[in-house]
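Here's the structure we're looking at; comments come further down.
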Amino acid sequence: MNTLATILLSALPLVTGWAVHVRWLHGCLNTARRDPLTGLRTRDGFTRRATVLLKDPRAVVVLADVDKFKHINDTYGHAAGDALLKATADRLAQHVGRTGVAGRLGGDEFAAVLIDDHGTAGDLLAVLHGVLARPVDGQDPDVHTTVSLGWVRAADFPTDDLSALLRRADEAMYAAKQARAGLRRAGLGRLFATLAGRRAGRTGARTDAPVVGVAA
């Protein structure tokens with residue numbers, strides 16, 4: 001056996017071990033980017049995928065917030081609240097499909113980016129709003145609530161990055177929640193005045209900010 005072959009054979013276990021280690025690290029990274037309760041991407045994982053999707057001019061950004069979630073937790077217990085979050089996540093992910101991405105940003109707040117192939121995002125999200133309001137399978141029928149949705153077309157704000165688009169969707173969602181409208185699209189106005197990046201209505205935000213930038 002020549003010297004080169006001997007060197008290659010001796011290095012084989014090291015190369016194999018390194019490949020296994022890399023796969024293990026990759027698996028750990030994917031796990032870290034998944035929310036353990038819902039299986040959706042966490043904020044970091046969502047941001048990475050969503051940023052890529054926003055290169056498509058058909059992209060739509062959605063912000064979803066479960067209504068009266070604290071009431072569900074306080075009345076029926078945290079197990080019921082967790083089941084509601086899981087059902088919301090599953091339904092959102094199914095609606096977004098393989099071409100989009102859904103993530104849990106924290107608590108009862110979810111985000112998604114979907115590709116609107118036919119320009120019918122408003123109709124699709126109206127259907128989603130109804131789906132999200134259904135009772136949770138296998139749970140007390142009383143354990144259900146609505147989910148307020150805000151959305152924005154990325155093409156309407158070509159200079160906005162993901163963070164700015166999420167803020168617009170967030171403002172539209174909050175307006176929908178206040179009006180009990182269920183769903184609202186971000187308009188073409190400016191963003192709300194904020195304090196430390198928080199929109200009006202959230203802790204730390206200005207209370208005198210004018211209501212602008214949303215449309216029915």
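As a basis for the values below, the full set of heavy atoms in this structure was taken, side chains included, without hydrogen atoms, waters or symmetry mates. Just so you know, residue 1 is the first one in the sequence shown, and it goes up from there. All values reported here derive from a predicted model rather than from experimental measurement.
- What you find for Pro141 and Pro135 is that their closest heavy atoms are O-CB, 3.9 Å.
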Go through Val136 and His144 one step at a time and tell me if the side chain to side chain contact (heavy atoms under 4.5 Å, CB included) criterion holds.
CA-CA 6 Å; Val136 178; His144 73 282; 5.6 Å; no

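- When each of Thr120, Leu183, Asp116 is paired with Leu125, the side chain to side chain contact (heavy atoms under 4.5 Å, CB included) condition holds for Leu183 and for no other.
- Sorted by first and then second residue, the side-chain hydrogen bond (donor to acceptor under 3.5 Å, both in side chains) pairs involving residues 85-96 (not counting sequence neighbours) are Lys86-Asp90.
- In this structure, NZ in Lys68 is found 10.0 Å from OG in Ser148, a value given to the nearest 0.5 Å.
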Listed pairs under 3.5 Å, donor-acceptor, residues 98-106 side chains, sequence neighbours left out:
from   : atom 1 : to     : atom 2 : distance (Å)
Arg104 : NE     : Gly107 : O      : 2.9
Arg104 : NH1    : Asp35  : OD1    : 3.3
Arg104 : NH1    : Asp35  : OD2    : 3.1
Arg104 : NH2    : Gly107 : O      : 2.9

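- Considering only heavy atoms from C-beta on, Leu124 stays 4.5 Å or farther from Leu128 through its side chain.
- To the nearest 0.5 angstrom, Gln139 atom CD is 10.0 Å from Asp82 atom CG.
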Could you go through the side chain to side chain contact (heavy atoms under 4.5 Å, CB included) check for Val113 and Val60 one step at a time?
CA-CA 5 Å; Val113 174; Val60 170; over 6 Å; no

Quick one: do Leu166 and Val61 satisfy side chain to side chain contact (heavy atoms under 4.5 Å, CB included)? Show the steps, please.
CA-CA 7 Å; Leu166 282 172; Val61 177; 3.6 Å; yes

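- Atom CZ of Phe46 is separated from atom CG of Leu162 by 5.5 Å, given to the nearest 0.5 angstrom.
- A side-chain donor from one of Asp67 and Thr146 sits under 3.5 Å from a side-chain acceptor of the other.
- With contacts defined as side-chain heavy-atom distances shorter than 4.5 Å, the pair Val147/Phe110 does not qualify.
- Atom CG of Leu40 is separated from atom CG of Leu92 by 6.5 Å, given to the nearest 0.5 angstrom.
- By the 4.5 Å heavy-atom criterion applied to side chains, Val66 and Thr145 are counted as neighbours.
- Side-chain contact between Thr42 and Arg34 is absent, with no heavy atoms from C-beta onward closer than 4.5 Å.
- A 4.5 Å side-chain heavy-atom check between Arg48 and Asp44 finds at least one atom pair inside the cut-off.
- The two residues Pro57 and Ala155 come nearest to each other via the heavy atoms O-CB, 3.6 Å.
- The heavy-atom pair separating Trp151 from Gly122 by the smallest distance is CZ2-CA, 3.8 Å.
- Here Thr47 contributes atom OG1 and Arg41 contributes atom CZ; the two are 10.5 Å apart, rounded to the nearest 0.5 Å.
- Between Lys70 and Asn73 the shortest side-chain heavy-atom distance does not fall below 4.5 Å.
- Cluster membership for Leu37 and Phe69, using ILVMFWY side-chain heavy atoms within less than 4.5 angstrom, is shared.
- Contact annotation: the side chain of Arg58 approaches that of Asp117 to within less than 4.5 Å [non-hydrogen atoms, C-beta and beyond].
- The hydrophobic cluster containing Val143 does not contain Val131, counting ILVMFWY residues as joined when their side-chain heavy atoms lie under 4.5 angstrom apart, directly or transitively.
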With side chain to side chain contact (heavy atoms under 4.5 Å, CB included) as the test, would you mind laying out the steps for Leu149 and Arg184 before giving the verdict?
CA-CA 6 Å; Leu149 301 172; Arg184 185 159 296 196; over 6 Å; no

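- Note on Asp156 versus Arg185: salt bridge recorded, some NZ/NE/NH1/NH2 to OD/OE distance being below 4.0 Å.
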